[in-house]
Every structure is written in C-alpha cells, then in structure tokens.
Amino acid sequence: MMKKGVFEKLLNKVITLREELNREATIIQDLKTKLLQRPGIEDVAVLKRELVQVQTLMDNMTLERERESEKLKGECKQLQAEYANSETLKTCPTLDPE
C-alpha cells in the first residue's frame, strides 16, 4: 500500500499539472483568437494594391492641379499684358490728320 504522504505528494503534483495545463490551454486559445483576427496574406495583397492605386490617383491629381495652375498663371499674365496695353493706348494722344 501507498503511504499517505506519497499519495498527497502525487495528488498535489496532479493538481499542479492540471492548473498548468489549464493556463497553457488559455494561452493557446488566446493565440488562436489573435491569429484569426490577423489579416490573411490575400487581404494584405489587396490592401497593398489599393494603396498603390490611391497613391497613383493622388499623384495624377497633383500633376493635373499643377498643369491647371500653370495654365491659369499664363492666362493671368496674358490678361495683365492686355490690360497694360489697353491702358497705354488710352493714355496715348491720338493723331488727328488736321
């Protein structure tokens, strides 16, 4: 027969091992949950493609705005020159053939 002290030691060891097993099972479950929440490889690839598309669109929009700005600056300079020319013509005396 087993002595009472040996039995208690074994029983305590079993309890300790079950507690450790429960802690490990909780850790495993937490890791599984975190893994399920992570985006998959396909999701990451789609997001990367969408990011590149958005960046390209933003670049194109910026270039378009720069071209429009240059066009408007040119028109502004042309209008200023026309205005200056018209003011010059207003102040010049006209020649009468008398």
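Keep in mind that the numbers below use all heavy atoms, side chains included, and drop hydrogens, waters and symmetry copies. Keep in mind that this is a model prediction, so the values were computed, not measured.
Remark: Glu64 CD is loosely packed, at most 12 non-hydrogen atoms of other residues, nucleotides or ligands lying under 6.0 Å away.
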Cut-off 3.5 Å, no hydrogens considered: what does the side-chain donor-acceptor table look like for residues 6-30, sequence neighbours left out?
from	atom 1	to	atom 2	distance (Å)
Asn12	ND2	Glu8	O	3.4
Thr16	OG1	Asn12	O	2.8
Asn22	ND2	Arg18	O	3.4
Thr26	OG1	Asn22	O	2.9

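Just one residue in the list Arg67, Met61, Glu68 forms a side-chain contact (heavy atoms from CB on, under 4.5 Å) with Arg65, and that residue is Met61.
For Glu70, the side chain to side chain contact (heavy atoms under 4.5 Å, CB included) partners at least two apart in sequence or on another chain are Lys73.
For residues 31-59, no pair satisfies side chain to side chain donor-acceptor pair (under 3.5 Å), with sequence neighbours left out.
Inter-residue side-chain proximity for Leu51 and Leu47 is flagged as unmet; no heavy-atom pair is nearer than 4.5 Å.
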